[in-house]
Structure formats: C-alpha cells, structure tokens
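Worksheet: the structure to be examined is printed underneath.
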Amino acid sequence: MFISFLYPYNILGGEARFFWVFYKQLRHFSPQEIIFVGNKDYFKDPCHYWQRCSGKDAKIQKKWEFSFVSSQDVYSAKKYIVDQKIFKTLDKKFPDLCTAWNFLMCRRYVPLEKELMLIFSRMRNDYDIEAVLTWCNCRSLNYIAEKMGFRVIHNELGALRGPCYTQTAYFDFCGVNGNT
C-alpha cells in the first residue's frame, strides 16, 4: 500500500495544487494499493475542477496527461484529510504564501508533524505501507515518515516535456529540485 501525500497547504494560492496527480493516481492504482492524504479541496466533486478549467480543460488534461474522474471515484477513495487549522500559525507568521511554502519545504513544522503522526499511526495499524509518494519537498513529511519507518519517494516531471519531447518523470529517495 502506498500513501499519496497531496500537499495539504494551498501553496501559491492554488486550491488543491496537485489535483491532477490525485486523478492520475485514482486511474492507475487500485483502491487496495493507495491511500490519499491531503486537504479537503482535493476530495471535492470533480465537477468543481472541471468548471474551474472551463475552456482550458482539454489543454490541461493533455498537458498533464490525466482525465477527470467520477464523483464516485473520489468518494470511494481511501483518504485522510489534513485539517487546515494547523496552518493558521504559519499564515500569521509569513506575509505571503510563497514564503510559507518555502518554509514548509525546508523546515519542520510541528503542527503538521503532529497531524501526520496521528494519520500515519492509524494507517500503520490497518495497512502494510510500502512508501509515501510526494510531488514536493516537505521536511515535516520526511521527518515523520522516517520515524514511522516509511520510505518517501519524491516524484518530479522531467525537464524536457511535450509536445516536442516524450513526457517523462522520475523519482528520488532524497528529494526534488536539489532538496529545494
């Protein structure tokens, strides 16, 4: 079983920044292979994002090679929701989302660690966890995963992308973007 860590903080002002990853994973993993951790925005009815992408939906889906899923797919996915209240201190401490995001990538944030420890402890009781999948560095995620004995697989899209190049991606056990 994999844990998909869908960045729970609304980075760069984007609601559910990696919703396309969630949809791709829903299509490519069976429900017995993956559990999702993210904020409630990821688990909204797909119509919400379809409408948001209105006029651009075909381009966005082609670029990121995903397709929208059904409401039932989202509803039936195994998921744990990270309460956004834990980020209030962070929002007050930093003047903008970019600075807060940089902090989360590079430094530990105890409120997130407490939340992840609770979630991961529940998961470990119920599932045999192989690894945590993430698309962004998060120092607190790495810290708690290590304490729980879970490997973290950092994913990144390849530098050369379509339409001129074949879409590629890679994973790394140490972090992406030079550990930010």
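- Rounded to the nearest 0.5 Å, atoms CD1 (I119) and CD1 (I3) are 9.5 Å apart.
- Each side-chain hydrogen bond (donor to acceptor under 3.5 Å, both in side chains) pair with one or both residues in residues 116-130, not counting sequence neighbours, would appear here, but there are none.
- Taking 4.5 Å as the limit, some side-chain heavy atom of P8 sits within range of a side-chain heavy atom of F87.
- By the side chain to side chain donor-acceptor pair (under 3.5 Å) test, Q25 is found to be paired with S4, residues two or more places apart in sequence or in another chain being considered.
- Here side-chain hydrogen bond (donor to acceptor under 3.5 Å, both in side chains) pairs that include residues 87-96, with residues two or more places apart or in two chains, are Y9-D91, D96-T99.
- Contact check for V37 versus L116: side-chain heavy atoms found under the 4.5 Å cut-off.
- Checked against side chain to side chain donor-acceptor pair (under 3.5 Å), E146 has no partners two or more places apart in sequence or in another chain.
- In this structure, the side chains of I153 and T134 stay at 4.5 Å or more apart for every pair of heavy atoms.
- With a 4.5 Å cut-off on side-chain heavy atoms, Y7 and W101 count as touching.
- At a threshold of 4.5 Å between non-hydrogen side-chain atoms, the residues I35 and I129 count as touching.
- Contact of the M1 side chain with the M123 side chain is not registered, since no non-hydrogen atoms from C-beta on lie closer than 4.5 Å.
- With sequence neighbours left out, E115 forms a salt bridge (Lys or Arg N to Asp or Glu O under 4.0 Å) with no residue at all.
- Not counting sequence neighbours, the partners of F36 by the ring pair (Phe, Tyr, Trp, His ring centres under 6.0 Å) test are F22.
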request  = Just do the side-chain contact (heavy atoms from CB on, under 4.5 Å) check on L133 and V21 with the steps written out, would you?
outcome  = CA-CA 10 Å; L133 307 172; V21 170; over 6 Å; no
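- Residues M105 and R139 fail the side-chain proximity criterion, which asks for heavy atoms closer than 4.5 Å.
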key: Derivation and outcome, side-chain contact (heavy atoms from CB on, under 4.5 Å), residues I144 and R108   = CA-CA 10 Å; I144 295 303; R108 292 176 47 202; over 6 Å; no
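- Partners of Y143 according to the ring pair (Phe, Tyr, Trp, His ring centres under 6.0 Å) rule, which considers only residues two or more places apart in sequence or in another chain, do not exist here.
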inquiry  = Between C138 and L112, does the side-chain contact (heavy atoms from CB on, under 4.5 Å) criterion hold? Intermediate values first, please.
reply    = CA-CA 10 Å; C138 180; L112 178 58; 3.7 Å; yes
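- Under the side-chain hydrogen bond (donor to acceptor under 3.5 Å, both in side chains) criterion, the residue pairs touching residues 72-85 are S70-D73, with sequence neighbours excluded.
- Judged by distance alone, with hydrogens and angles left aside, the side-chain atoms of Y109 form no donor-acceptor pair with the main-chain N or O of F103 at under 3.5 Å.
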inquiry  = Under the criterion side-chain contact (heavy atoms from CB on, under 4.5 Å), I'd like the reasoning laid out for L97 against N10: C-alpha separation, chi angles, the key distance, then a yes or no.
reply    = CA-CA 8 Å; L97 293 173; N10 283 333; 5.9 Å; no
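- Here the side chains of L104 and L90 are in contact, with some heavy-atom distance below 4.5 Å.
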